[in-house]
Asker: 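Just passing along the structure, written as structure tokens.
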Amino acid sequence: MREYKLKKCKRVHSVHFTPDGVRLLALGGAEARMVDAAVWLNLASGDNEGRVERFVTCAAVDPGLTRYVVGGADHFARGVAAVEWTALDRAVEWRRFVWPKRTLPPTYKNVSGLAFDPTGSRLAIGHSRVIGPRGANRSRPFLTIVDRDTGEAEAELPTAREACVMSFSADGGRLAVTGGLDGDTAVTVFDVAARKELFTFEPQGTVTRCAVFLPDNRLAVANGRRVYVLPADRATPQLTLDGHPKQVNAVAVARDGRRVLTASHDGLIRTWDAGRGAPGANFDWHVGPVTALAFAPDGLTCAAAALNGKVVVWDVDG
């Protein structure tokens, strides 16, 4: 096990390995509900190699870790488009996301969540829209999927809840959305091509922190102290991964889909057999509440991030 320290990144929301597994990108900041920066960590030297700062409500990176997209309430972008992006593989230059007029109308209000599809070519945007005459205070949540380069809308879906946490399936055909830390606990799964809702899962816990697809289109939902694995076609749990004494904050799935990692607020990290739900090895690196997890491309190396910017990397079979 190797332990690292991220500078000026007290709370890590997500961690991402580069495709070659040499570096780690962490998104985080000073508090649970905001993102301050994207921080590069060299795993060989332990150095913080770079930092891209932007104080926003939500953020996402593409699978290749070349583009960083941020969003928030409309005042973050001075009342125009509330989504901006910059390249991560060259000098930082923030650009306002280009919206064709027919994509998001003037009644577009704010951004609550962002997610790239597995190819990195499409971006899902959770946002709200004012309902009624301009200047009205009533708004309704929407989910729009756009081409990341042109901003052209490929699908727009009204949702029953604010889309703060989102995840695409491995084939990009499905999108799961939920309310996150302060939002609705229900998880809705959409068929992107058909532009329709497939089902909604309503767990009993108080907080749904994440929803992550397995390669076979099953969905792992972290709600309260449990993780539910839903089949591809219905909202009835196929497996319940039960064993954490506190809130489950993060879930990661190995690329081959055989193993699932879960982490909770007491610092415990557990492994599970994704087919049978059988528990495997447990890890407690004594770094405090774990808030983010990731598998490296090799499927064996794992990273966990905790409060106070602590990051541990280890071999899950070691």
Side-chain angles (χ1 to χ4, degrees), residues 12-19 21 24-27 60-65 115-120 124 165-178 180 187 189 192 198 201 203 208-233 235 237-244 247-264 268-283 290-305 311-318:
V12 179
H13 301 301
S14 64
V15 286
H16 312 265
F17 282 95
T18 53
L24 200 69
L25 181 69
L27 307 186
V61 290
D62 69 340
L65 305 192
F116 278 101
D117 78 344
T119 68
V165 175
M166 299 183 284
S167 174
F168 277 95
S169 59
D171 61 6
R174 296 182 177 204
L175 181 65
V177 303
T178 188
V187 180
V189 177
V192 175
L198 294 177
F201 173 56
T208 300
R209 292 302 305 270
C210 60
V212 180
F213 279 100
L214 281 70
D216 58 5
N217 278 345
R218 289 184 297 160
L219 183 68
V221 177
N223 172 261
R225 295 176 295 172
R226 298 179 176 87
V227 175
Y228 302 95
V229 179
L230 309 179
D233 57 350
Q238 181 184 72
L239 302 171
T240 300
L241 310 182
D242 192 354
H244 284 286
Q247 168 74 44
V248 178
N249 293 326
V251 176
V253 179
R255 181 173 291 184
D256 62 8
R258 296 181 180 179
R259 188 151 37 188
V260 175
L261 274 180
T262 60
S264 64
L268 181 65
I269 302 167
R270 306 199 66 172
T271 62
W272 308 85
D273 180 283
R276 299 178 292 113
N282 296 339
F283 304 92
V290 176
T291 56
L293 288 171
F295 270 103
D298 63 11
L300 298 175
T301 307
C302 303
V311 175
V312 292
V313 176
W314 78 100
D315 188 325
V316 73
D317 286 335

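Worth saying up front: this structure is predicted, and the values here are computed from it rather than measured.
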Asker: Does any non-hydrogen side-chain atom of Arg255 lie less than 4.5 Å from one of Pro297?
Answerer: yes
Asker: List for me each residue that meets salt bridge (Lys or Arg N to Asp or Glu O under 4.0 Å) alongside Asp233, sequence neighbours excluded, and say none if there are none.
Answerer: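 By the salt bridge (Lys or Arg N to Asp or Glu O under 4.0 Å) rule, Asp233 matches no residue at all.
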Asker: In Å and rounded to the nearest 0.5 Å, what is the CG to CZ distance from Leu261 to Phe283?
Answerer: 7.5 Å
Asker: Using side-chain hydrogen bond (donor to acceptor under 3.5 Å, both in side chains) as the criterion, list what pairs up with Asn223, not counting sequence neighbours.
Answerer: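 Asn223: side-chain hydrogen bond (donor to acceptor under 3.5 Å, both in side chains) contacts with Thr208.
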Asker: Which residues pass the side chain to side chain contact (heavy atoms under 4.5 Å, CB included) test with Thr301, not counting sequence neighbours?
Answerer: Phe17, Ala296, Asp298, Val313
Asker: Taking only residues two or more places apart in sequence or in another chain, which ones pass side-chain hydrogen bond (donor to acceptor under 3.5 Å, both in side chains) with Thr240?
Answerer: none
Asker: To check you understand the geometry: which heavy-atom pair defines the closest contact between Ser167 and Phe213, and what is its length?
Answerer: O-CE1, 3.3 Å
Asker: First locate atom CG of Asn282, then atom CD1 of Ile269, and finally report the distance between them rounded to the nearest 0.5 Å.
Answerer: 10.0 Å
Asker: Listed by chain and number, what are the side-chain hydrogen bond (donor to acceptor under 3.5 Å, both in side chains) partners of Thr262, not counting sequence neighbours?
Answerer: His244, Trp272
Asker: Mind checking whether Leu25 and Thr18 have side chains closer than 4.5 Å, heavy atoms only?
Answerer: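 No. Closest side-chain heavy atoms not under 4.5 Å.
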Asker: Can you measure from OG (Ser169) to CG (Leu175) and round to the nearest 0.5 angstrom?
Answerer: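 Going from OG on Ser169 over to CG on Leu175, the span is 8.5 Å.
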Asker: Which pair of non-hydrogen atoms, one from Pro19 and one from Gly64, has the smallest distance, and what is that distance?
Answerer: CD-O, 4.2 Å
Asker: Check whether any side-chain heavy atom of Val290 sits under 4.5 Å from a side-chain heavy atom of Asn249, and report yes or no.
Answerer: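 Answer no - side chains too far apart.
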Asker: Looking only at non-hydrogen atoms, find the nearest pair between Phe295 and Cys302 and report the distance.
Answerer: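 Closest pair (atom of Phe295, atom of Cys302, distance): CE2-SG, 3.5 Å.
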Asker: Under the salt bridge (Lys or Arg N to Asp or Glu O under 4.0 Å) test, which residues partner Arg259, sequence neighbours left out?
Answerer: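 Arg259 satisfies salt bridge (Lys or Arg N to Asp or Glu O under 4.0 Å) with Asp317 only.
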Asker: Not counting sequence neighbours, which residues clear side chain to side chain contact (heavy atoms under 4.5 Å, CB included) with Ala292? List them please.
Answerer: Val12, Val15, Ala305
Asker: Considering non-hydrogen atoms only, spot the tightest contact between Gly120 and Asp62 and give its length.
Answerer: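 Looks like CA-CB, 4.3 Å.
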Asker: State which residues pass side chain to side chain contact (heavy atoms under 4.5 Å, CB included) with Val165; sequence neighbours excluded, sorted by chain then number.
Answerer: Thr178
Asker: Is any side-chain heavy atom of Val221 closer than 4.5 Å to a side-chain heavy atom of Pro237?
Answerer: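 No; the side chains remain at least 4.5 Å from each other.
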Asker: The criterion is salt bridge (Lys or Arg N to Asp or Glu O under 4.0 Å); which residues satisfy it with Asp242, sequence neighbours excluded?
Answerer: Arg226
Asker: Restricting to non-hydrogen atoms, name the atom on Ala176 and the atom on Ala211 that form the minimum distance, rounded to 0.1 Å.
Answerer: CB-CB, 4.4 Å
Asker: For residues Gly172 and Val192, report the shortest heavy-atom separation together with the two atoms involved.
Answerer: O-CG2, 4.0 Å
Asker: Hey, could you give me the CZ/NE2 distance between Arg209 and His13, rounded to the nearest 0.5 Å?
Answerer: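 Nearest 0.5 Å value for the CZ-NE2 distance: 9.0 Å.
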Asker: Considering residues at least two apart in sequence or located in another chain, which fulfil the salt bridge (Lys or Arg N to Asp or Glu O under 4.0 Å) criterion with Arg270?
Answerer: none
Asker: Residues in ring pair (Phe, Tyr, Trp, His ring centres under 6.0 Å) with Tyr228, at least two apart?
Answerer: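 With neighbours one apart ignored, the set is Phe201.
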Asker: Partners of Ala232 by side chain to side chain contact (heavy atoms under 4.5 Å, CB included), sequence neighbours excluded?
Answerer: Arg174, Asn217
Asker: Heavy atoms, side chains only, cut-off 4.5 Å: are Val227 and Val260 in contact?
Answerer: no
